[in-house]
Amino acid sequence: MSDLFLYNTLHRKKERFEPLHPGQVGLYVCGPTVYGDPHLGHARPAITFDVLFRYLKQLGFNVRYVRNITDVGHLEHDADEGEDKIAKKARLEALEPMEVAQFYQNRYHQAMDMLNVLRPSIEPQASGHIIEQIEFIKRILDNGLAYIVDGSVYFDVVKYNDKHRYGILSGRNIEELISNTRSLDGQSEKRNSVDFALWKKAAPEHIMRWPSPWSDGFPGWHMECSAMGTRYLGECFDIHGGGMDLLFPHHECEIAQSVGALGHESVRYWMHNNMITINGQKMGKSLGNFITLEEFFTGKHTSLEQAYSPMTIRFFILQAHYRSTVDFSNEALQASEKGLSRLMDAVARLHTLKAGTTTTVDIRGLRSNCEEAMNDDLNTPIVLSHLFEATKVINLVHDGKASLNEVDLEELKAVFSLYLFNILGLTDNTTGQAGQTAGEAYKKAVDLLLNLRMEAKQKKDWATSDKIRNELAAMGIEVKDTKDGFEWKYVG
RNA sequence: GGUACCUUGGCCGAGCGGUUAGGCACCGGUCUGCAAAACCGUAUACGGCGGUUCGAUUCCGCCAGGUACCUCCA
């Protein structure tokens, strides 16, 4: 079996993945800031790293997957006044900040569950790790790489850059950054524009605040990931993931903080998923062009021609490689919906196939082809293309135009189950929902009706036969006639 | 302005120095009481101009167009 290669943003190339400790993988991914409804942009990293998580486990690694919940910090852009997002939203809605954070965290979990994204091993909240963050800042201060101004603590990027290189991840150099950074209005306590806050003193009206050696305040933008990553995965760990938009400054600052506190880098492989675009432009909160996941699931958004199921969204995302941008459009989503349905129909059909005495089509390479694609930096579109090739085989066998022996048939079932369900995490929610809730009795009832229809057809009683089909269709049950019987599924 | 990336057939989207990606749509066919669906099959491509090479969509240069980051953002 070949080795797993992952694209490491730090070195801008694919590298063989070798964990720090054999058999163990530490994975950290930047999670959501819980101050708004989850949108399509949130789905991409969640699904990308969900697939990585699933695949690493499949490879036999013991994985600890940490994905944070940002419920404090993150200064707002016009907020040199020192107001953070959570607090601002809370005041608008006259709620406790933690109430707001909890609400959106729950919403996030709901959406992710629907997308069949597995929960991480640990999901730490920034607000629950203020002590760790303070300790982390202390270490940076002890190393002389931060300074205190009126109760706030800033990282001294210029000083850091004397000994280390600030910009190794994003490929920027500090001189250009200094000359190009727009000077923000108002006071700056920072010695240099490139410096960033480790701790911010809270303004009097600021309600999210914690005591610290320096002031009552809150941690800076980038601190939580360094502190919590170190806490749960150690001073050095394997993989850190997140969206490409976090590459700079967020991840660059994390590196500086870690080196500043620990004396060495923490992360061995940096992975970044690309953005989802809408009309060629990034779908983002700041641009106001995002569509929430709930809007996708219900179809209630002016840009949407219809509702799209969570699995359609998941499939749509997996059809592109995670490092490419994906352009959203109704057309593309509808194509995904049909493609997914074709795949799922084939799986359902697969379990009705009877083994033949001989095998006339070659499916031997399927498993290794899928594995090879996954090992090549998680090339999920290629995995899907192989599964579509196998779909063709299933259909041929179903039509009696090819046959598979017992061993090959079992292999085909095993590979589909492994890749489609376990690794890509797709589920069959077209037939699933009604079938699962109503159970076997419901299925048998439909089968009974359709058997009656078969009898009517044999008597050429087209009126009865059409009536059964049409009324079932009205209830959302789609009937397809086949050579020697029927197939049906609930389409809602 | 700085940095990085992208440009593939009607649409989406992989990939690679020489061999069919795949999906959706289209067209042709099979099946069918009808219809729908389903299934099978064919076709269409690599932004422009140069260069390297026996050969480039794939490597290099230039040009055009686009995107992202440089400010919170997945």
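Just so it is clear: chains get the letters A, B, ... in the order the sequence lines come, proteins before strands, and each one is counted from 1.
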Separation of atom CG in A:L424 from atom P in B:G23, rounded to whole Å
16 Å
Does RNA chain B take part in any stems of at least 3 consecutive Watson-Crick or G-U pairs (both distances under 3.5 Å), and if so, which ones?
B:1-7 with B:64-70, B:10-12 with B:22-24, B:27-30 with B:38-41, B:47-51 with B:59-63
For RNA chain B, whose closest nucleotide is more 5', that of A:P45 or that of A:R469?
A:R469
Assess whether one donor atom and one acceptor atom, taken from the side chain of A:D466 and the base of B:G33, lie less than 3.5 Å apart.
yes
Between A:F248 (CZ) and B:G2 (P), how many Å, whole number?
16 Å
When you measure from the side chain of A:A320, which nucleotide among B:C69, B:G22, B:A14 comes out closest?
B:A14
For atom CG of A:N173 and atom C1' of B:C70, their distance in whole Å:
12 Å
Rounded C1' spacing from B:G9 to B:U44 in Å:
5 Å
Which one, B:G22, B:A35, B:C69, comes nearest to the side chain of A:E389?
B:G22
Under 4.0 Å between any heavy atoms, over every strand shown, what does A:G41 touch: base, sugar-phosphate, or nothing? Just pick one.
base
Please name all residues satisfying salt bridge (charged side-chain N to carboxylate O under 4.0 Å, His left out) with A:R172, sequence neighbours left out, ordered by chain then number.
none
The side chain of A:K457 lies closest to which of these nucleotides: B:C24, B:C73, B:G33?
B:G33
Sequence neighbours excluded, the answer for ring pair (Phe, Tyr, Trp, His ring centres under 6.0 Å) partners of A:H321 is none
If you define the side chain from C-beta out and look only at heavy atoms, does anything of A:V415 sit under 4.5 Å from A:L420?
no
Separation of the P atoms in B:U42 and B:U20, to the nearest angstrom:
12 Å
Classify the nucleic acid contact of A:L40 as base, sugar-phosphate or nothing, counting any heavy atom under 4.0 Å across all strands shown.
nothing
Apply salt bridge (charged side-chain N to carboxylate O under 4.0 Å, His left out) to A:R209 and list each qualifying residue two or more places apart in sequence or on a separate chain.
none
Between atom CD in A:E372 and atom P in B:A14, what is the gap in whole Å?
18 Å
Side-chain contact check for A:Q319: nearest option of B:G22, B:C69, B:G33 is B:G22
Does the B:G13 base have a donor-acceptor partner in the side chain of A:S324 within less than 3.5 Å?
no
Who passes ring pair (Phe, Tyr, Trp, His ring centres under 6.0 Å) against A:Y322, sequence neighbours left out?
none
If you assign each of A:S336 and A:H39 to its closest nucleotide in RNA chain B, which residue comes earlier from the 5' end?
A:S336
Taking the side chain from A:H250 and the backbone from A:L247, do they hold a donor-acceptor pair closer than 3.5 Å?
no
For B:C31 and B:C40, measure between their C1' atoms and round to the nearest Å.
11 Å
Report the residues that fulfil salt bridge (charged side-chain N to carboxylate O under 4.0 Å, His left out) with A:R323, sequence neighbours left out, ordered by chain and then residue number.
A:D377
Any side-chain heavy atom of A:Y28 within less than 4.5 Å of one from A:C225?
yes
Could you give the CG-to-P distance, from A:N273 to B:C73, as a whole number of Å?
14 Å
Look for any protein N or O under 3.5 Å of an N or O in nucleotides 38-45 of chain B and output each such pair with its distance, or none.
from: B:C39; atom 1: O2'; to: A:D399; atom 2: OD2; distance (Å): 2.5

Quickly work out the A:Y322 OH to B:G13 P distance and round it to whole Å.
18 Å
Length of the CG-P vector between A:L384 and B:G22, whole Å
13 Å
Side-chain donor-acceptor pair under 3.5 Å between A:T277 and A:D327, yes or no?
yes
What nucleotide, of B:A35, B:C69, B:G13, holds the atom closest to the side chain of A:P381?
B:G13
Looking at residues at least two apart in the chain, or sitting in another chain, which of them share a side-chain hydrogen bond (donor to acceptor under 3.5 Å, both in side chains) with A:K392?
none
For atom P, what is the distance between B:U53 and B:U67, given to the nearest Å?
37 Å
Taking 4.0 Å as the cut-off, does a side-chain nitrogen or oxygen of A:N379 come that near to OP1 or OP2 on B:G15?
yes
Does A:Q281 reach a base, just sugar-phosphate, or nothing at all? Heavy atoms under 4.0 Å.
sugar-phosphate
I'd like the P distance from B:C54 over to B:G41, given in whole Å.
40 Å
I want to check something: taking the side chain as every heavy atom from C-beta on, are A:V34 and A:Q125 in contact at a cut-off of under 4.5 Å?
no
Suppose you measure atom P in B:U57 against the same atom in B:C16; what distance do you get, rounded to whole Å?
16 Å
Taking atom P in both B:A45 and B:G2, what distance in whole Å separates the two?
38 Å
Quick one: which of B:G23, B:C69, B:C34 gets closest to the side chain of A:F388?
B:G23
Does a side-chain heavy-atom distance below 4.5 Å link A:F296 with A:L333?
yes
More than 12 heavy atoms of other residues, nucleotides or ligands under 6.0 Å from CZ of A:R165: yes or no?
yes
Output yes when a side-chain donor or acceptor of A:E252 lies under 3.5 Å from a complementary backbone atom of A:L169, and no otherwise.
yes
So, with a heavy-atom separation below 4.0 Å from RNA chain B, the residues of residues 110-121 of chain A are none
If we take the C1' atom in both B:G15 and B:C49, what is their distance in whole Å?
25 Å
So what does A:K460 hit on the nucleic acid, given a heavy-atom distance under 4.0 Å: a base, only sugar-phosphate, or nothing?
nothing
Exactly one of A:I394, A:V347, A:L350 clears side chain to side chain contact (heavy atoms under 4.5 Å, CB included) with A:K413, and that residue is A:L350
A:D245, nearest nucleotide to its side chain (from B:C70, B:C73, B:A25)
B:C73
Taking salt bridge (charged side-chain N to carboxylate O under 4.0 Å, His left out) as the definition, give me every residue that meets it alongside A:R44, ordered by chain and number, with sequence neighbours left out.
none
Would you tabulate the nitrogen or oxygen pairs shorter than 3.5 Å linking the protein to nucleotides 4-11 of chain B?
from: B:C11; atom 1: O2'; to: A:E331; atom 2: OE1; distance (Å): 3.4

Which residue pairs pass the salt bridge (charged side-chain N to carboxylate O under 4.0 Å, His left out) test when at least one of the two sits in residues 106-119 of chain A, sequence neighbours left out?
A:D37-A:R107, A:R107-A:E294, A:D113-A:R119
Taken to the nearest whole Å, CE/A:M275 to P/B:C69 is 8 Å
